[in-house]
Amino acid sequence: MNRRLESEPESGPASTSQRAAPVGEYDLVIIGAGLTGLSLACWLLQLAEDGQATLPRVCFLEPRTSYSNDRTWCFWDLEPHPFRDLITHRWFRWEVSQGDQTACQSDRAAAYAMLPADVLYRYALAKIEEIPAFDLHLGVTVSGVEHTDDGALVSADQRRWQAKSVIDTRPPDKGQLMSGVGFWQVFSGLEVTCPKHGFDTSTATLMDFQPGYPHPCFLYLLPLDEDHFLIEWTAFQPEKESASDYRSDLELWLQRQNLGYYEVTREESGSLPMLRMPTAQSFGRVIRAGVGAGWMRAATGYHFVSCQRGSAALARQILAAHASGDWRLQDPTVRAGWLDWMDSVFLRALKRHPDKAPQWFVGLFAATSAAQMSRFMNDQPRWRDALAVASALPPGPFVRAVLPW
Ligand SMILES: Cc1cc2nc3c(=O)[nH]c(=O)nc-3n(C[C@H](O)[C@H](O)[C@H](O)COP(=O)(O)OP(=O)(O)OC[C@H]3O[C@@H](n4cnc5c(N)ncnc54)[C@H](O)[C@@H]3O)c2cc1C
């Protein structure tokens with residue numbers, strides 16, 4: 001059993017007047033056991049098994065004391081990753097609409113997939129528990145990381161962990177979030193049980209733009225089966241805090257659908273930064289990973305797929321470091337730089353013309369194919385996909401957004 005709570009020290013209690021001694025020595029400390037930390041754990045296991053490599057000693061530090069079903073990850077299911085068998089729903093058809101205009105795409109080879117967080121958490125935590133080389137410490141909020149001659153020292157309250165290398169998956173700090181253009185993607189979602197709700201279960205509604213708001217607002221609707229659906233109200237707004245109460249907008253919308261009996265069974269909400277993170281965050285033996293390292297796509301808020309790509313690349317480096325003894329890890333490249341540039345231009349244009357968002361998004365999905373959009377959204381477009389996307393958008397506002405004035 002490798003899972004410990006902060007209130008269960010491994011050695012005797014540390015004196016508060018003394019500088020506490022390191023309590024653990026590891027090859028690697030991973031700060032944060034959210035999506036990135038747990039993805040790293042599962043990629044390490046999978047790649048070590050495939051290559052018959054030995055695992056390094058890894059310590060995961062996480063403030064939570066328990067995990068809940070706090071989010072659902074959706075993405076286009078185009079490439080393998082350790083959680084593929086855990087996907088609970090797939091839609092081969094998706095649409096974007098505004099009033100009576102709808103752009104629809106479908107492709108049997110490109111599913112829009114959904115993976116509930118509790119399923120992934122349960123799977124990854126069970127894997128960590130099975131592996132003697134892995135220790136997960138829950139209830140630990142890291143407060144400092146110091147560089148040492150041969151690695152780094154991580155501290156939390158009176159406890160310290162020495163490692164040859166550290167991967168820091170904590171969310172972006174305030175300084176990072178101050179920079180850059182962009183919006184906040186603020187959303188409020190409900191999972192609803194409603195017998196015979198009548199929404200088309202073969203189609204995911206990615207965006208159904210709602211009129212009458214100062215910034216782009218849309219509904220996101222995933223029919224899970226004939227009796228259940230997930231619905232989210234999303235806004236692209238300049239501030240992190242929502243000025244309006246989207247939960248009540250959502251309730252009002254539900255009431256207007258004349259659904260009859262329905263029951264809300266789960267809620268999820270979030271505020272995702274839609275901006276290009278500053279790049280130079282990693283230093284020496286401490287590597288940033290996850291949303292804090294800019295892995296999330298600025299223009300969409302999608303992160304799951306780039307997280308798998310980044311975690312796989314880091315896990316390969318970790319196994320090589322364990323074999324060679326050279327623990328200088330490098331930041332992985334999760335997507336081409338020109339895609340980040342395209343996103344910045346798109347967000348700049350959108351910021352100047354928020355009222356055009358519905359028209360631009362519907363036009364974009366109408367002028368491209370499902371294969372092109374799924375590759376583009378998943379950060380792996382071919383040149384022709386990127387060209388199709390660029391030429392689907394009106395040139396004037398985007399050319400002006402490229403110019404520095
Ligand atoms: C409700 C919601 C729905 C989302 N849906 C999607 C989606 O459908 N598709 C998609 O691609 N993306 C989605 N995202 C975006 C993104 O995929 C998630 O936010 C994802 O969890 C980010 O992964 P991460 O590892 O960077 O951060 P997290 O999963 O948040 O992990 C960071 C970890 O660091 C820990 N931590 C924080 N402070 C400290 C500290 N001081 N010491 C130690 N640990 C610390 C946190 O407790 C957390 O466990 C969603 C986000 C939210 C909030």
Side-chain angles (χ1 to χ4, degrees), residues 6 29-43 59-78 81 83 87-89 91 94 112-118 120-121 124-125 136-145 154-157 159 161 166-174 176 184-191 204 206 220 222 230 232-234 240 246 266-274 277 281 288-311 314 334-335 374 377-379:
E6 171 73 334
V29 166
I30 296 180
I31 305 177
L35 178 63
T36 309
L38 297 175
S39 298
L40 277 164
C42 292
W43 274 105
C59 169
F60 300 83
L61 302 175
E62 166 61 40
R64 281 179 252 210
T65 53
S66 63
Y67 285 75
S68 64
N69 193 11
D70 57 356
R71 60 200 67 185
T72 36
W73 284 293
C74 291
F75 51 92
W76 278 270
D77 179 32
L78 303 181
H81 55 78
F83 310 114
I87 288 171
T88 55
H89 293 83
W91 295 266
W94 51 87
Y112 188 64
M114 173 175 145
L115 206 168
D118 62 338
L120 184 148
Y121 293 149
L125 294 172
L136 168 63
H137 296 263
L138 296 178
V140 175
T141 302
V142 168
S143 50
V145 184
V154 177
S155 49
D157 303 322
R159 305 180 70 185
W161 292 265
V166 170
I167 298 181
D168 185 353
T169 78
R170 282 175 293 180
D173 56 41
K174 268 196 188 141
Q176 285 175 274
W184 284 89
Q185 185 174 148
V186 179
F187 55 94
S188 174
L190 303 174
E191 209 169 299
L206 302 182
Y220 171 78
L222 300 181
L230 173 73
E232 286 183 2
W233 189 286
T234 304
K240 186 175 183 187
Y246 297 127
R266 194 178 66 83
E267 288 183 42
E268 71 175 60
S269 60
S271 294
L272 307 178
M274 297 176 76
M277 276 315 147
Q281 299 127 23
R288 288 301 305 262
V291 172
W295 290 8
M296 189 162 77
R297 186 84 179 267
T300 64
Y302 283 105
H303 167 69
F304 186 87
V305 170
S306 55
C307 182
Q308 298 317 309
R309 217 169 284 139
S311 301
L314 273 178
V334 296
R335 76 179 70 84
S374 54
M377 299 294 269
N378 265 15
D379 297 349

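Both ligands and their constituent atoms are indexed starting at 1 by order of listing. Because the structure is a prediction, the values reported are computed rather than measured.
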### Query
Looking only at heavy atoms, is any part of His303 under 4.0 Å from ligand 1, and if so is it the side chain, the backbone, or both, or is it neither?
both
## Note on the structure
The answer for which part of Phe187 has a heavy atom under 4.0 Å from ligand 1 is side chain
### Task
List for me each residue that meets salt bridge (Lys or Arg N to Asp or Glu O under 4.0 Å) alongside Glu232, sequence neighbours excluded, and say none if there are none.
none
### Query
Which is it for Arg266 and Thr72 under the side chain to side chain contact (heavy atoms under 4.5 Å, CB included) test, yes or no, and what are the steps along the way?
CA-CA 11 Å; Arg266 194 178 66 83; Thr72 36; 3.6 Å; yes
### Query
So, is Cys74 polar-close to ligand 1, with some N/O to N/O distance under 3.5 Å?
yes
#### Entry: Region of Val305 that comes within reach of ligand 1 [heavy atoms, distance under 4.0 Å]
neither
### Query
Charged N to carboxylate O below 4.0 Å: is that the case for Arg64 and Asp70?
yes
#### Entry: ligand 1 to Val142 polar contact by distance, N or O atoms, under 3.5 Å
yes
### Message
For Ala289, which part has a heavy atom under 4.0 Å from ligand 1: side chain, backbone, both, or neither?
### Response
neither
### Query
Under 4.0 Å from atom 23 (O) of ligand 1, is there any protein heavy atom?
yes
### Distance-only polar pair, side chains of Ser39 and Gln308, donor-acceptor under 3.5 Å
yes
Scan the side chains in residues 298-305 for donor-acceptor partners under 3.5 Å anywhere in the protein, sequence neighbours excluded, and list what turns up.
unit_1 : atom_1 : unit_2 : atom_2 : d
Thr300 : OG1    : Tyr302 : N      : 3.0
Tyr302 : OH     : Tyr112 : OH     : 2.7

